[in-house]
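One structure is given here, and the rest of the page talks about it.
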Amino acid sequence: MCLFAIGIEPLIRMSHNTLQAGRATCNMFTIRAYADDVVILLRDEDECTKLPQILHTYSMASCAQINVQKSSLVPLGNWATTHTVNHIPIKRKAKILGLTVCASFKEMVDINWSITSARTRATMFQHIHRNLNLLERIWHINVFCLSKLWYLAQILPLSSKYSTVLDRAISFYVWKGYFYKLPKTQLHLPITKGGLQLTAIKEKSQALLTRNILRAKHDESAPMDNKFWQDHIPLLCSKTTTLPHSLKMIWEIIESYPPTTVTNEKNQNTKTIYTYFMKKAVQTPRIVEKLPNQKWGNIWRNLHMANIPTAWKTTVYCYLNQIIPTEEKRHRHNLTDSPACKKCGWLDTLKHRVTNCGAAKAIWEGAKALLVKVWPDSQLHDWFQTLLVLDSPTKQNKFVTVWLASGFLHYQLTKSLHKMEEFLHMLKEEAAKLEMKDDKSSQILKELKLLQLNSSLNLV
């Protein structure tokens, strides 16, 4: 590869110097090379006549020939399709560095996003049958499924058409198997505000594109980019502009960004711009509006505490947001004839399921007995606040109280038959996993030992 780079260097320099010499504006894009691909931009008929001479001179000097079959000529804009160079075939589109370049900007945006969105959806559907819980699906989407979008997003604007297509695919993948769902705007929120930090495709794409344009617009070392924006800003601001709608949309995005921070290099990064766009689209979770007196900040922080299994967190997250399909909830939506519990006949609510439904009552008493071991002076209100709301009023042994409450809620809401031995066995298994990966002297293990899971359990 090193020898190839040395061999292609004279062609690049000769093309740049010859074509740039006849242009009124210096430092304009002329030629770029990446690996064994060379891209040359011709701007008029005169340059079309110069390029064959350059290629002939290079071929005579190096004994290398241009592969016409692998080369392509793409007319851009209003360029006539009759002009050709060295009999290179004229094509409507060509792939350059992973980007399909077309004659019109609108067509280029549509084709590239059509291909990329189709591949992204195919990736999600390939993994749709994996046994992943809600949190794991969110991580899988953020880290793996959406990764290939961001290269294209920083070059071409994402249209609302493909943004909608991708959002639907993500919603189908995330909520497969769930009866009730949460709005995507809540999933986009930070975990401390009731969300799961699902990446917002539209806002992230806008942030990436805005970052690149801001850097190009204010980069004094790139006069070509500066000249482009100076020439086109008046046209973009005009109501009668004939420029593509996508370009005008880009400019509107940039104009919406605070002018006091545009010129600050520290604020010209994707994270800062993305955070700004997300603040404009912020939404309060429904459950927070429904129960505003709860300390939701503490509850969300406790839910996402480290070293708690993601399966437990998923169940508790659905429980806190009240999207578990109880008979009472289904009856309110006319999906069942009766709101009564099918096991015991009482009104089937979430509280009933975790505290008073048949054998579940024994697990509730057992969980309270375990909580008393960790927190001896706790009272009835403390038990309800810790085990049912995940908001422990005490800071003493904080981890173990939240860990126990999460495990209790997960067991009560996912098991059809409730047995105390099975509940304790589940707790022992998870405690053993923590013991294997944590330091023997860690605070977590010290707190878990207070539960005395291997000893007999006295119900209170």
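The first residue of the sequence shown is numbered 1, and numbering continues consecutively from there. Since we're looking at a predicted model, the values are computed, not measured.
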Checklist outcome for this item: For L291 and W296 the tightest heavy-atom approach is O-NE1, 2.7 Å
Checklist entry - Is the gap between the ring centers of W364 and F384 under 6.0 Å? => result yes
Next on the checklist: Name the residue from T386, I299, V402 that meets the side-chain contact (heavy atoms from CB on, under 4.5 Å) definition with D391.
Outcome noted: I299
Next on the checklist: Salt bridge or not between E107 and R92? Use side-chain N to carboxylate O under 4.0 Å.
Outcome noted: yes
Checklist outcome for this item: In terms of heavy-atom contacts, P157 and F105 come closest through CD-CZ, 4.0 Å
Next on the checklist: With a 3.5 Å distance limit and no angle check, can you tell me whether N112 reaches the backbone of L99 through a side-chain donor-acceptor pair?
Outcome noted: no
Next on the checklist: Going by salt bridge (charged side-chain N to carboxylate O under 4.0 Å, His left out), name the pairs with one or both residues in residues 309-338, residues two or more places apart or in two chains.
Outcome noted: E327-R330, E328-R332
Checklist entry - For Q294 and V389, which heavy atoms make the closest approach, and how far apart are they? => result OE1-CG1, 3.5 Å
Next on the checklist: Within this structure, what is the CG-CG distance for the pair L387 and L371, rounded to the nearest 0.5 Å?
Outcome noted: 5.0 Å
Next on the checklist: If I take atom CD from residue Q154 and atom NZ from residue K204, how far apart are they, to the nearest 0.5 angstrom?
Outcome noted: 10.0 Å
Checklist entry - Looking at side-chain heavy atoms only, is the closest gap between C357 and W346 below 4.5 Å? => result no
Checklist entry - Looking at T192 and W300, what are the two nearest heavy atoms and their distance? => result O-CD1, 3.6 Å
Checklist entry - Are side-chain heavy atoms of V101 and L76 found at a separation under 4.5 Å? => result yes
Item to check | L388/Y319 under side-chain contact (heavy atoms from CB on, under 4.5 Å): CA gap, chis, key distance, verdict | outcome: CA-CA 9 Å; L388 299 185; Y319 163 80; 3.8 Å; yes
Item to check | Residue pair W375, D377: steps toward the side chain to side chain donor-acceptor pair (under 3.5 Å) verdict | outcome: CA-CA 6 Å; W375 187 7; D377 57 345; 3.1 Å; yes
Checklist outcome for this item: Taken to the nearest 0.5 Å, the spacing of T315 OG1 from N133 CG works out to 8.0 Å
Item to check | Stepwise side-chain contact (heavy atoms from CB on, under 4.5 Å) check, V39 with L97 | outcome: CA-CA 10 Å; V39 180; L97 300 180; 5.9 Å; no
Next on the checklist: If I compare all heavy atoms of K398 with all of T401, which pair ends up nearest, and what's the gap?
Outcome noted: O-OG1, 2.7 Å
Item to check | Under 3.5 Å: donor-acceptor pair, side chain of D110, backbone of K106 | outcome: no
Next on the checklist: What's the separation between atom SG in C318 and atom OH in Y180, rounded to the nearest 0.5 Å?
Outcome noted: 13.0 Å
Item to check | Nearest heavy atoms of P309 and W403, plus distance in Å | outcome: CD-NE1, 4.4 Å
Next on the checklist: Is any side-chain heavy atom of V372 closer than 4.5 Å to one of W383?
Outcome noted: yes
Checklist entry - If you draw a 6.0 Å radius around NZ in K343, do more than 12 non-hydrogen atoms from other residues or ligands fall strictly inside? => result yes
Next on the checklist: Under the criterion side-chain contact (heavy atoms from CB on, under 4.5 Å), I'd like the reasoning laid out for T326 against T349: C-alpha separation, chi angles, the key distance, then a yes or no.
Outcome noted: CA-CA 6 Å; T326 61; T349 62; 5.7 Å; no
Item to check | Non-hydrogen side-chain atoms of D348 and R353 separated by less than 4.5 Å | outcome: yes
Next on the checklist: Can you confirm whether or not the ring centre of F179 sits under 6.0 Å from the ring centre of H333?
Outcome noted: no
Next on the checklist: Around atom NE2 of H425, are there more than 12 heavy atoms from other residues, nucleotides or ligands closer than 6.0 Å?
Outcome noted: no
Item to check | Pairs flagged by salt bridge (charged side-chain N to carboxylate O under 4.0 Å, His left out) wherever residues 281-294 is involved - sequence neighbours left out | outcome: none
Checklist entry - Do Q412 and H418 pass the side-chain contact (heavy atoms from CB on, under 4.5 Å) test, and can you show the C-alpha distance, the side-chain angles, and the key distance before you say yes or no? => result CA-CA 7 Å; Q412 295 288 70; H418 300 87; 3.0 Å; yes
Checklist entry - Below 4.5 Å, heavy atoms only, C-beta onward: do Q385 and Q379 meet side chain to side chain? => result no
Item to check | Value rounded to 0.5 Å, distance of CG in L198 from CH2 in W139 | outcome: 13.5 Å
Checklist outcome for this item: So CG of L209 and CH2 of W150: to nearest 0.5 Å the spacing works out to 12.5 Å
Checklist entry - Within the side chain of N356, is there an N or O that forms a donor-acceptor pair under 3.5 Å with the backbone of H352? => result no
Next on the checklist: In the structure I gave you, are the side-chain heavy atoms of I363 and K415 within less than 4.5 Å of one another anywhere?
Outcome noted: no
Checklist entry - Would a 4.5 Å heavy-atom cut-off, applied to side chains only, mark I323 and L182 as touching? => result yes
Item to check | Aromatic plane relationship, F423 with F408 - under 30° parallel, 30 to 60° tilted, over 60° perpendicular | outcome: perpendicular
Item to check | Side chain to side chain, L166 and L149, heavy atoms closer than 4.5 Å | outcome: yes
Could you pull out every donor-acceptor pair under 3.5 Å between side chains of residues 167-176 and any protein atom, sequence neighbours left out?
| unit_1 | atom_1 | unit_2 | atom_2 | d |
| --- | --- | --- | --- | --- |
| D167 | OD2 | K184 | NZ | 2.8 |
| Y173 | OH | H140 | ND1 | 2.9 |

